[in-house]
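Below, chains carry the letters A, B, ... as their sequence lines are ordered, and counting in each starts from 1.
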Number of protein chains: 2
Amino acid sequence: MPVDAFAVLAEPARRRILDELRVADRSVGELVTALTISQPTVSKHLKVLRDAGFVSSRSAAQQRIYHVEPAQFAALDEWLAPYRRLWTKHLDKLARHLDTMEQ
Amino acid sequence: MPVDAFAVLAEPARRRILDELRVADRSVGELVTALTISQPTVSKHLKVLRDAGFVSSRSAAQQRIYHVEPAQFAALDEWLAPYRRLWTKHLDKLARHLDTMEQ
DNA sequence: TGCGCATATGTCTTGACAGGCATATGCCTG
DNA sequence: CAGGCATATGCCTGTCAAGACATATGCGCA
């Protein structure tokens, strides 16, 4: 992770952009109308997301179409992995407890 | 998520604390020596982590022992889930591509 | 090539937050 | 109950980033 992925996602507006792009690729203008944020603000957030590798863009005439880049999310998932063990262990314990109660 | 989980994790020091607590429960003093951060700073980060539900503490004499609370990580994982579909799809595509090449 | 649309960038102000330091609180032991 | 240890909290300052606004750039079309 070149730039801090968590810092990038800390901004709610950026997560809303990602939620939008997850459904389908979108032009900047579409994002602006979908999210009701000013155009310069959207462009700046997109730049941050691009620099962090969360999205990439292609040009289509005067428009730029953005789409989600899955790799960064996979990196996030890797960070989460060791903690996942903690809560699955927790769930196992819970399951065993329930099994005990059934008897 | 009552407070913004991503904003909480955006601070590197807090992630270091979690990495430490993931291995084993620790007192505040142990964290201070392990991370080489001032004691007040550690306490403040712990408060943020506590308020966000990432950790909880129990008292042992004058010490407070902190430990990781898995639920918040599970919440994070849920947020990540819809994106996970994106990159597994991506991997599927890659696998199919490799299959094609083998023939 | 000049105009208009879509997007990017620069500047400024303001607010939030982290760290340093001093100090308060809680708890145990002599 | 006094003193000391472990931890929490309050105050202050510097830093950084987000949003508003103005403006620059890129691209297509008449």
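- The side chain of A:E11 lies closest to D:dA18, out of D:dA18, C:dG19, C:dT7.
- Distances shorter than 4.0 Å separate none of the side-chain N or O atoms of A:Y66 from OP1 or OP2 on C:dA6.
- Residues B:L46 and B:L35 are members of one and the same hydrophobic cluster, defined by side-chain heavy-atom contacts under 4.5 angstrom among Ile, Leu, Val, Met, Phe, Trp and Tyr.
- With hydrogens and angles left out, the side chain of A:Q39 and the base of C:dA8 share a donor-acceptor pair within 3.5 Å.
- For the pair A:E30 CD and C:dT7 P, the interatomic distance rounds to 8 Å; values are reported in whole Å.
- As rounded to whole Å, 15 Å separates atom C1' of C:dC17 from atom NZ of B:K47.
- Across all strands, B:S43 comes closer than 4.0 Å to base atoms (heavy-atom distances).
- The partner of C:dC21, taking Watson-Crick or G-U wobble pairs whose two distances both stay under 3.5 Å, is D:dG10.
- The CD-P distance, from B:Q62 to D:dT7, rounds to 8 Å in whole Å.
- Distance CG (A:L35) to P (C:dT7): 13 Å, rounded to an integer number of Å.
- Rounded to an integer number of Å, the gap from CG of B:L31 to C1' of D:dA8 is 15 Å.
- Just one of B:R14, B:R50, B:R16 meets the side chain to side chain donor-acceptor pair (under 3.5 Å) condition when paired with B:H45; it is B:R14.
- Spacing between atom NE2 of A:H45 and atom C1' of C:dT9 amounts to 15 Å, rounded to whole angstrom units.
- Looking at B:D51 and B:K47, a side-chain N of the basic residue comes within less than 4.0 Å of a carboxylate O on the acidic one, giving a salt bridge.
- Base engagement by A:K44 is indicated by at least one non-hydrogen atom pair under 4.0 Å involving a base atom.
- Taking atom CZ on B:R64 and atom C1' on C:dC27, their separation rounds to 10 Å, with Å as the unit.
- Remark: A:D19 engages A:R22 in a salt bridge, criterion side-chain N to carboxylate O under 4.0 Å.
- Mapping A:R14 and A:P40 onto DNA chain D via the closest heavy atom, the residue that lands nearer the 5' end is A:R14.
- Residue B:S27 is in sugar-phosphate contact alone, with no base atom involved, counting any heavy-atom pair closer than 4.0 Å across all strands shown.
- Note: B:H67 NE2 to B:R58 CZ = 6.5 Å, rounded to the nearest 0.5 Å.
- Summarising the geometry, the separation between CZ on A:F6 and P on C:dC17 is reported as 18 Å, rounded to the nearest angstrom.
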